[in-house]
*Asks:* 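First the structure, then my questions, so here it is.
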Amino acid sequence: MKWKDQGSFIEIFPPADFSFQECLIFLGRSHQEILHRISEGYLYKLIKADDQQILLKIGAAPHSIKVEFPISEPNQNIREKAADYLLEWFDMDRELKGFYQMAASDEILQAVCANHFGLRIIGIPDLFEALTWAVIGQQINLTFAYTLKKRFVEHYGECLDYEGIVYWLYPEPDIIAELEVEDLRKLQFTNRKAEYIIGIAKSMKAGLLAKKELLQAEDYPQLKETLMKIRGIGGWTADYVMMKCLKHPRSFPIADVGLHNAIKLQKGMERKPTIREIEDMAENWKGWEAYAVFYLWRSLYE
DNA sequence: ATCCAGGAACTGT
DNA sequence: ACAGTTCATGGA
């Protein structure tokens, strides 16, 4: 029993080694984030289910997570979708004992795993969002990446006003597929980012690119190869999407600058490690590369 | 100013 | 297969 209907709310029962608090801290990392809101210990998230906008108010209870529906009294089907969404978003079905056991004796991961015990990979369940957010973040600083995302969402996403606060949904591929490069240039996207994003939207709209199909992919290398055929998706983005959306535990964005900085810090190095050096360090992480990277990203901000 | 940022495609060897 | 170049922009 992963969740239970309690009438006016639903209750989700995560594993014992899950910390809602740690996940909240991660979600609060950018003040420019507009796809969720954190206020007084509650997490607010707008999702779409059965073509309806559903606002979720998520809070920690002693041994569970309580999810309320401030704007509606949803039917059974929507309750189930809300529960599924949260189970996926916070990777609650993952058995992490093996990871923590490995990390306990790993020079690089030991401290960060102890410090943030209970944190899980915070995913991006929506494939279009995962792909295009990764493209937006390519080769620019994160602050500006959030600025671009905010403009993108506010121009092309749906929203809901509740008690004077606006909640946003990420734009749909069908809308973005109809744009011209110039439309996104106005938001200060580069030509290339605009081309990539519109191209991805068109592929998804045409049914050539879908999460369901990608999830059926055979193994890690093959899945990565498939993703990299998409224009704008290189090795880094393929791994990022496998990690945040397709939930592949072995996804490993090894060229990531943030990863390099985190390793440098954890090891007290004077320079960033080389790819070869990271490959050696990661021998110990086999099967848990995605979690190793995610925790190391976490170590970069307090 | 100057360097760099949660890279990728393109070009030439 | 590999290395160098170009893209483009804001943050620190």
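Only a predicted model underlies this, so the values are computations on that prediction, with no experimental measurement involved. Lettering of chains follows the sequences in order, A, B, ..., and the numbering in each one begins at 1.
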*Asks:* Let me know, please, whether A:Ile140 or A:Tyr196 comes out on the 5' side of the other along DNA chain B by nearest nucleotide.
*Replies:*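 It is A:Ile140, whose closest nucleotide lies nearer the 5' terminus.
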
*Asks:* Taking only the P atom of each, what is the distance from C:dC2 to B:dG6 in whole angstrom?
*Replies:*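 It works out to 27 Å between them.
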
*Asks:* Just how far, in rounded Å, is P of B:dG7 from CG of A:Asn141?
*Replies:*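 It works out to 11 Å between those atoms.
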
*Asks:* What's the gap between C:dG10 and B:dA9 when it is taken at their P atoms, as a whole Å value?
*Replies:*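 Their P atoms lie roughly 23 Å apart.
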
*Asks:* Check each of A:Phe294, A:Trp297, A:Tyr295 against A:Phe26 using the ring pair (Phe, Tyr, Trp, His ring centres under 6.0 Å) test, and report the only one that passes.
*Replies:*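 Exactly one option meets the ring pair (Phe, Tyr, Trp, His ring centres under 6.0 Å) with A:Phe26, and it is A:Phe294.
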
*Asks:* Quick check for you: among C:dC7, C:dG10, C:dA8, whose closest atom lies nearest to any side-chain atom of A:Arg192?
*Replies:*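 Shortest atom-to-atom distance from the side chain points to C:dC7.
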
*Asks:* NZ of A:Lys193 versus P of B:dA9: gap in Å, rounded?
*Replies:*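 So the two atoms are 12 Å apart, to the nearest Å.
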
*Asks:* Classify the angle between the aromatic ring planes of A:Phe18 and A:Phe90 as parallel (below 30°), tilted (30 to 60°) or perpendicular (above 60°).
*Replies:*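 Rings of A:Phe18 and A:Phe90: tilted, as their planes differ by 30° to 60°.
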
*Asks:* Nearest whole angstrom, please: distance from the C1' of C:dC7 to the CZ of A:Arg185.
*Replies:*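 The distance from CZ of A:Arg185 to C1' of C:dC7 comes to 10 Å, rounded to the nearest Å.
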
*Asks:* Say you pick atom C1' in B:dA1 and the same atom in C:dA12; how far apart are they, in whole Å?
*Replies:*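 To the nearest whole Å, 12 Å.
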
*Asks:* Find the distance A:Leu300:CG to B:dG6:P and express it as a whole number of Å.
*Replies:*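 One finds 9 Å between P of B:dG6 and CG of A:Leu300, rounded.
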
*Asks:* How long is the straight-line distance from CD1 of A:Ile198 back to CD1 of A:Ile176, given to the nearest 0.5 Å?
*Replies:*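 A:Ile176 CD1 to A:Ile198 CD1: 8.0 Å, rounded to 0.5 Å.
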
*Asks:* Nearest whole angstrom, please: distance from the P of B:dC3 to the CG of A:Asn261.
*Replies:*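 Taking atom P of B:dC3 as the reference, CG of A:Asn261 is at 18 Å.
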
*Asks:* In whole angstroms, how far is the P atom of C:dA8 from the CG atom of A:Leu148?
*Replies:*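 One finds 14 Å between P of C:dA8 and CG of A:Leu148, rounded.
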
*Asks:* Give a yes/no answer on whether the side chain of A:Lys272 brings an N or O atom under 4.0 Å of OP1 or OP2 in B:dA5.
*Replies:*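 Result: yes.
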
*Asks:* Does C:dG10 have OP1 or OP2 sitting under 4.0 Å from an N or O in the side chain of A:Thr143?
*Replies:*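 For C:dG10, neither OP1 nor OP2 has a side-chain N or O of A:Thr143 closer than 4.0 Å.
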
*Asks:* Hey, can you tell me if A:Tyr85 and A:Trp89 have their rings parallel, tilted or perpendicular (30° and 60° cut-offs)?
*Replies:*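 Because their plane-to-plane angle lies in the 30° to 60° range, the rings of A:Tyr85 and A:Trp89 count as tilted.
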
*Asks:* Return no unless some side-chain N or O of A:Arg29 is found under 4.0 Å from OP1 or OP2 of B:dG6.
*Replies:*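 It does not, given that no N or O in the side chain of A:Arg29 lies less than 4.0 Å from OP1 or OP2 of B:dG6.
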
*Asks:* Under 6.0 Å between ring centres, would you say that holds for A:Phe117 and A:Tyr100?
*Replies:*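 Yes, the ring centres sit under 6.0 Å apart.
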
*Asks:* Closest approach to the side chain of A:Phe144, judged atom by atom: which nucleotide of B:dA8, C:dG11, C:dA8 is it?
*Replies:*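 The answer is C:dG11, which lies nearest to the side chain.
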
*Asks:* Measure from the side-chain heavy atoms of A:Arg231 and tell me the nearest of B:dG6, C:dA8, B:dC10.
*Replies:*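 Looking only at side-chain atoms, A:Arg231 lies closest to B:dC10.
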
*Asks:* Classify the side chain of A:Gln138 versus the base of B:dA8 as yes if they form a donor-acceptor pair under 3.5 Å and no if they do not.
*Replies:*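 Donor-acceptor pair under 3.5 Å: no.
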
*Asks:* So among A:Leu214, A:Thr132, A:Ile200, which one has a side-chain contact (heavy atoms from CB on, under 4.5 Å) with A:Leu127?
*Replies:*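 Among A:Leu214, A:Thr132, A:Ile200, the one meeting side-chain contact (heavy atoms from CB on, under 4.5 Å) with A:Leu127 is A:Leu214.
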
*Asks:* Round to the nearest Å and state the distance from A:Asp239 atom CG to B:dA8 atom P.
*Replies:*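 So the CG-P distance, A:Asp239 to B:dA8, works out to 9 Å.
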
*Asks:* Reading DNA chain B from 5' onward, which residue's closest nucleotide shows up sooner: A:Ile233 or A:Gly258?
*Replies:*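 On the 5' side of the pair lies A:Gly258.
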
*Asks:* What nucleic acid atoms does A:Ile230 come within less than 4.0 Å of, heavy atoms only: base, sugar-phosphate, or nothing?
*Replies:*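 Sugar-phosphate only.
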
*Asks:* Separation of A:Arg276 atom CZ from C:dC2 atom P, in whole Å?
*Replies:*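 So the two atoms are 9 Å apart, to the nearest Å.
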
